[in-house]
Amino acid sequence: MKQVPEQLTKPFNAVDIESRIYKNWEESGYFNPDNLIHATKEPFTIILPPPNVTGTLHTGHAIMLAIQDTLIRYKRMNGHKTLWLPGTDHAAIATQSVVEKKIQKEEGKSRHDIGREEMLYRINEFARSSQDTILSQFRSMGASLDWSRLAFTLDDTRNYAVRTMFKKMYDDGLIYRGERIVNWDPKGQTTISDDETVTEERKGILYTFKYSHDFPIPISSTRPETKVGDVAVAVHPDDERYKEYIGKTYECVFVGCPISIQIIGDTAVEKEFGTGALGVTPAHSAIDWDIKERHNLPSKQVINEYAKMYGLANEELNGKKVTDARDYIVSKLREEGLLIEEKEVIQSIPTAERTGGVIEPLPKLQWFIAVNKPFAHFGKETTLKELMYRAVEGKSTTIIPDRFEKVYFNWIENLKDWCISRQIWYGHRIPVWYRDSEVYVGVTAPEGEGWAQDDDTLDTWFSSGMWTFSTLGWPNNTDDMKLFHPTSLLETGHDIIFFWVARMVLFSMYTFNQPPFKHVYLHGLVRDAQGRKMSKSIGNVLDPRDLSFKYGTDALRMSLLVGNGAGNDLKLGEDKVKAYKLFANKIWNATRFVLEKTNDFENTAITLTEEDDATYTAWRERHSDITNDIEHYRLHLASEKIYDYFWKTFCDEIIETRKVRIMEHNQKESAQKLLLLLLREQIITLHPFMPFITEEIWTYIKEDNDPLLLVTHW
RNA sequence: GGGCGAUUAGCUCAGUUGGUAGAGCAGCGCAUUUACACUGCGAAGGUCAGAGGUUCGAAUCCUCUAUUGCCCACCA
């Protein structure tokens, strides 16, 4: 007669067991693949998308952890050498601006008052203390991450990898320095990439005017203040209205500033827009810069890094903010009778995602990665763009759901050279040194006196893009590199496909001619129960820590998995989490009941009756169905199926019928054996989804020489 | 302007390769010396947005329409 464990007689309380169980797992060492000595199958690797060091756990993280941990646990139980590698991201602009704001608020100082060295020290200190917060929150989700391999995008190992990569690409002619129109963020005082901008719809006015009375062609612009930097007027070469002027140059005075305007023909100009004539401002518009390149025109910058006018003959303009300058110029035009039309239009204005500042396109000397430049690669001539395309097209990487492959291709096709330099301090400093007109690019500083390192840092996605292999010790030829790269799966949100996924493909294909991962699984965004975005202003943000504390981590994980198909957004309400807390209770109570009804069971050799055997066979079918779903990354179906079977089939049918037979001593031992067998196998099957409660129950039902459920065979 | 989705019960959503429409919540009826009220049993509720097509058979495949969401884009 076995005693039912005392703990089981109390109601289930998740909070009581979670930290203790996590500690047991961690101390067992099985999160580290080096300790999985019985793992005979090939490695299965996921590199965790590194959260920002400054962050705290949100529902997006929770989804990512639930999906990845479920897959990792499943693979580990299946005998794969399983590596799930954690790390954090220095998130350059985000982190620096948090610390800058803090210092501004507490000490009233700017980063320039503090100085580069001291500032970097402060940011690093902040990053380190902040990191502990997010990592312990990741632990609380039950994440079976190999903490012994923890990486940071800005630590020494990663910095060495970044410098090595920069040098290698520079030597291949893929990294170059050039003057281009970049997205300048006057608020953040830095360049940002196209992907870091968001367009905002705003009302604007399209002004149609002439520079001066003696200039023949009226032009239209929403930004008349930039027109003092005009060098040409472009018209369509076939435009009958303006054909006769092409090739002529006019000297005129526009709001007190002398400008020299050449009339040129260019097919980029649309006859139907505005007056059909485009004032060319190379320094303040990307399209105009291209026209300038085509026609060999000069360029005059009239707006500085603080979005103020400068260098103009009309002293009244100098120092004015662009918006004030616009008002000033419009009123001058009106006075002089040069303003022909004002038309209200909706315009899309690019703003900086991070700071909200209105982007000022400016010409700047920056570092770029050439994506369209042919180079020799593993014995063949190719371009980076081709490599990125080929990885997905050739199915060496598959994207789940596959409709995102189209999105990926679409983005690749429109890809332009990637500006990788940033004018902020926190990040990987560009490994380039200057002395007079000499330029030195190297992994380490050059010998000799008088060299000064480039002040800029690299775009944070440069280091993140190398993440699948920089975390494994590249450029050293480590055992981890040999064993775990390419990785098996990248699991992340679909909003990050361009920023990150494509860049990882770029670096890995370039370096190894192999993609960084075999599969990409994209999950959706979490929305509230009504389908709205979670936002602080609406007040509908669900904090996973609260939910976990209130309903248990297992319940939270289930609520994030069930019904959450790849690529679709997930609507999450508190009721859903609550429903899975009830499920945890059900598991707990069913376990107690089964143990009570079988505490006199001893005859383990007994064979099942025909009926019991059929029931068992039906379960095995359901089990292989679930296995198949997990193998195909259909966790939303697998989780629902095990939930449904446990509750509706096992509890409501099997237990109900067998308890009668046990009480009536009607083929009692077969019934007892069936219940024990099914309980054991379901606890194993539930483990990847609900790791805590199942590991706890395992201690009550396991055989003496069974290991932790964590490493029990699936 | 281009691209990608969504539309299934009152609400929120599943539905894996085409084979008798499912779940949770809400609501209705019944049960209660009960493993679990954090429960069980039962009933009700849907021309699967609309129209056309393919098929023996369509929520599922194709075309169009309507509504709706998201992403990308240098129209000055």
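The basis for the numbers below is simple: all heavy atoms, side chains too, and nothing from hydrogens, waters or symmetry mates. In what follows, every chain begins at residue 1, and chains take the letters A, B, ... in the order their sequences are listed.
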Residue A/Phe273, side-chain atoms from C-beta onward, closest of B/A76, B/G24, B/C72: B/A76
Can you identify which nucleotide, out of B/U39, B/A14, B/C74, has its nearest atom closest to the A/Asn568 side chain? B/A14
Considering only heavy side-chain atoms of A/Asn410, the closest of B/C72, B/A35, B/C4 is B/C72
Of the listed nucleotides B/G15, B/C4, B/A76, the one nearest the side chain of A/Arg403: B/C4
Taking for each residue the nucleotide of RNA chain B with the nearest heavy atom, is it A/Arg634 or A/Lys581 whose nucleotide lies nearer the 5' end? A/Arg634
Looking at A/Lys227 and A/Asp230, is there a salt bridge between them, counting it only when a charged N and a carboxylate O are closer than 4.0 Å? yes
To the nearest Å, give me how far apart CG (A/Leu415) and C1' (B/A73) are. 14 Å
What contact category does A/Val594 fall into here, base, sugar-phosphate, or nothing, at under 4.0 angstrom with non-hydrogen atoms? nothing
Over how many whole Å does the gap from A/Lys343 atom NZ to B/C75 atom C1' extend? 12 Å
Counter-base of B/U12, judged by Watson-Crick or G-U geometry with both distances under 3.5 Å: B/A23
Sugar-phosphate, base or nothing in reach of A/Asp629, heavy atoms under 4.0 Å: base
For residues A/Tyr207 and A/Lys343, determine if any side-chain heavy atom of one lies less than 4.5 Å from a side-chain heavy atom of the other. no
Classify the nucleic acid contact of A/His636 as base, sugar-phosphate or nothing, counting any heavy atom under 4.0 Å across all strands shown. sugar-phosphate
Report the base-pairing partner of B/G42 (Watson-Crick or G-U wobble, both distances below 3.5 angstrom), or none. B/C28
Regarding A/Ala590, tell me which of base, sugar-phosphate or nothing describes its non-hydrogen contacts under 4.0 Å with the strands shown. base
From CD of A/Glu631 across to C1' of B/U16 the rounded distance in Å is 14 Å
Interatomic distance where CG belongs to A/Asp290 and P belongs to B/A73 [whole Å]: 15 Å
B/A35, B/G24, B/A76: which one has an atom nearest the side-chain heavy atoms of A/Arg592? B/A35
Can a salt bridge be assigned to the pair A/Asp612 and A/Arg658 using a cut-off of 4.0 Å between side-chain N and carboxylate O? yes
Would you call A/Glu574 and A/Lys581 a salt bridge, taking side-chain N to carboxylate O under 4.0 Å as the test? no
Under 4.0 angstrom, heavy atoms only, what part of the nucleic acid is A/Glu640 near: base, sugar-phosphate, or nothing? sugar-phosphate
Among B/G5, B/A76, B/A23, find the nucleotide with the atom closest to the side chain of A/Thr222. B/A76
Under 4.0 Å between a Lys/Arg side-chain N and an Asp/Glu carboxylate O for A/Glu664 and A/Arg661? no
Nearest to side-chain heavy atoms of A/Tyr643, which nucleotide of B/G15, B/C4, B/G24: B/G24
Looking for any heavy atom pair under 4.0 Å, which part of the strands does A/Lys641 touch: base, sugar-phosphate only, or nothing? base
Closest to the side chain of A/Cys651, out of B/C4, B/A35, B/A76, is B/A35
Pairing partner (Watson-Crick or G-U wobble, both distances under 3.5 angstrom) of B/A51: B/U63
A/Lys416, nearest nucleotide to its side chain (from B/A35, B/C41, B/C74): B/C74
Re B/G5: Watson-Crick or G-U wobble partner, both distances kept under 3.5 Å, found to be B/U68
Whole angstrom is fine here: how far is it from CG in A/Leu522 over to C1' in B/G5? 14 Å
